[in-house]
Amino acid sequence: MRRVYMDHSATTPVRPEVVEVMLNCLTEKFGNPSSLHYFGRLGRRALDEAREKVANAIGAKPEEIVFTSGGTEADNMAIHGVAMLNQNRGNHIITSAVEHHAVLNTVKALGKQGFTVTILPVDKYGMVSVEDLANAITDKTILITIMHANNEVGTVQPIKEMAALAKAKGVLFHTDAVQSMGKIPVNVDELGVDLLTISGHKIYGPKGVGALYIRKGTRWRQSLFHGGAQERLRRAGTENVPGIVALGKACELAVQELDKEAVRLTGIRDKLIQEVMEKIADVRLTGHPTKRLPNHASFCFEFIEGESMLLSMDMKGIAASSGSACTSGSLEPSHVLLAMGIPHELAHGSIRLTLGRDNTMEDVDYFIENMVPIVERLRAMSPLNPDSEFDFEENCADCKISSSCHL
Amino acid sequence: MYSEKVMDHFENPRNVGEIADADGVGLVGNPTCGDIMKIYLKIDNDVITDIKFKTFGCGAAIATSSMVTEMAKGKTLDEALRLSNQSVAEALDGLPPQKMHCSNLAADALHAAIDNYREKQK
Ligand SMILES: Cc1ncc(COP(=O)(O)O)c(C=O)c1O
Ligand code: FES
């Protein structure tokens, strides 16, 4: 069966060039970078080179990079470390309603430990307003953390403007660039951020490795792990050298190929969006129409549910994802879609298609060819349609489905 | 994640559709909360002679709807009322734990359709 992978925001395959350098660190350069001997020195050199590559890719200095176990750890570490060190200056943290859970749940956890949290709303495109941010900053604000690009709807936030605002008020700014890295330019000085998160497995590197950029002089301190003196006391634990070297290579390649790949992916994405909107009725594009990642298309299909679409697509070899409650395990549709004001019933019909290096224009044809009958079949089974109007209120007591029913 | 039986009922659902002159119609769920099932019954002498469904929901929701229609067809109303979400899930060789509420919905929709019929008989 033909397989079309359109879930690159979930994860990507590791590139052969990356596998090669990684394997070399598993077998040959296996030494512990903290060891004094020849083997240790080989490991240390591999680590240093990788740090340089990651730093170069985002316009940072090597000593400003700390390697972590992934995007989640880097987000936790950034937020917690700033909060702990700046408690005496203030206790207010600002974030947005569409953050990844790695940020949102970290901030919420601090909210239970004496910090005050402001969660900024977004507009219908998932965009945070710079004005809202300006109004939210108080003299107690110590940290703003807002993602560069959103994983579910692809919207790119005005980080440069927001970071400038933070800087003017003396507030630290962190951004999660896990999804933007390798898709659009990510440069720490261009963006003006103090801390920035990246992850290996979204850029054709392995899972379980990431990095946190910490601008020199930033009031941040290691606060989560207790252990050895690795990463200049910023992250304890023997370095994941194979993963780190792979991350270095993946970053290098991502930046080298960014311009060309962004143009190519934008072409495929635009065809995908255009054809879906043309060939299937009652579909809405989610996220910003233009300020979105070049590889990202996301939709809500009315009257049908996301998981049943995913299952049907999977039978045709097409891999995608959904923000439907039925796929979340929590019986709640995606917090991102709800924050954008998308009604529950529509959010259940969300589908995200994220393109990558292996996708072609032909994949779009294959997708459309298969998606049209899938939508038709599921709609024929659905009790909802443009004219359906149900009086559910009397049934409400029986509904055990969701805790968030607003009726 | 799903058993072969669930996938079979999802791919080839039995008794999909509507019955224009149904004797009983049951509707459960809520579009806000996510999942909706509608069941139509044709009843003769207290026996379910025809049954159709329409469902908005996940693979398990569609499979349980399909299964409940198969199980209820030909049964008397009292027998059909004894069909539980547990028996629907078992007939499908089980459901993942987080999907048990979908089978809940299918039995509820059937029972609601029977109640609707009995209401009308009064
Ligand atoms: C925006 C964003 N931040 C953080 C993460 C978490 O990264 P990791 O899987 O490396 O922990 C992801 C990946 O799911 C993401 O999309
Ligand atoms: S219909 Fe939502 S989980 Fe089954």
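Remember, predicted model here, so these are calculated numbers, not experimental data. Chain naming here is simple, since letters A, B, ... match the order of the sequence lines and numbering starts at 1 in each.
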Visitor: Count the heavy atoms belonging to other residues, nucleotides or ligands that lie under 6.0 Å from NZ of Lys112(A), then report whether that count exceeds 12.
Guide: no
Visitor: Please state whether the side chain, the backbone, both or neither of Glu18(B) comes within less than 4.5 Å of a heavy atom of chain A.
Guide: neither
Visitor: Should we count NZ of Lys316(A) as having more than 12 external heavy atoms under 6.0 Å?
Guide: no
Visitor: Could you look at Met309(A) and say if it's the side chain, the backbone, both or neither that has a heavy atom under 4.5 Å from chain B?
Guide: neither
Visitor: Tell me, yes or no, whether the heavy-atom count around Glu4(B) atom CD, taken from other residues, nucleotides or ligands under 6.0 Å, exceeds 12.
Guide: no
Visitor: Restricting to non-hydrogen atoms, name the atom on Phe10(B) and the atom on Ser308(A) that form the minimum distance, rounded to 0.1 Å.
Guide: CZ-O, 3.3 Å
Visitor: At their closest point, which heavy atom of Cys58(B) faces which heavy atom of Glu307(A), and how far apart are they?
Guide: CB-OE1, 3.3 Å
Visitor: Please give me the minimum heavy-atom distance between Pro383(A) and Lys38(B), naming the atom from each residue.
Guide: CB-CB, 4.3 Å
Visitor: So if I take each residue of residues 364-380 of chain A and look for any heavy atom under 4.5 Å from a heavy atom in chain B, which residues do I end up with?
Guide: Arg377(A), Leu378(A), Ala380(A)
Visitor: Around Asn45(B), counting heavy atoms of other residues, nucleotides and ligands shown, do more than 12 lie under 6.0 Å from its CG?
Guide: no
Visitor: Show, in sequence, the C-alpha distance, side-chain angles and deciding distance for Thr55(B) and Glu305(A), and conclude whether the side-chain contact (heavy atoms from CB on, under 4.5 Å) test is met.
Guide: CA-CA 10 Å; Thr55(B) 289; Glu305(A) 187 279 324; over 6 Å; no
Visitor: Counting only heavy atoms closer than 4.5 Å, note whether Ser312(A) contacts chain B via side chain, backbone, both or neither.
Guide: both
Visitor: Check Phe303(A) against Phe56(B) and note the closest heavy-atom contact, atom names and distance.
Guide: O-CD1, 3.1 Å
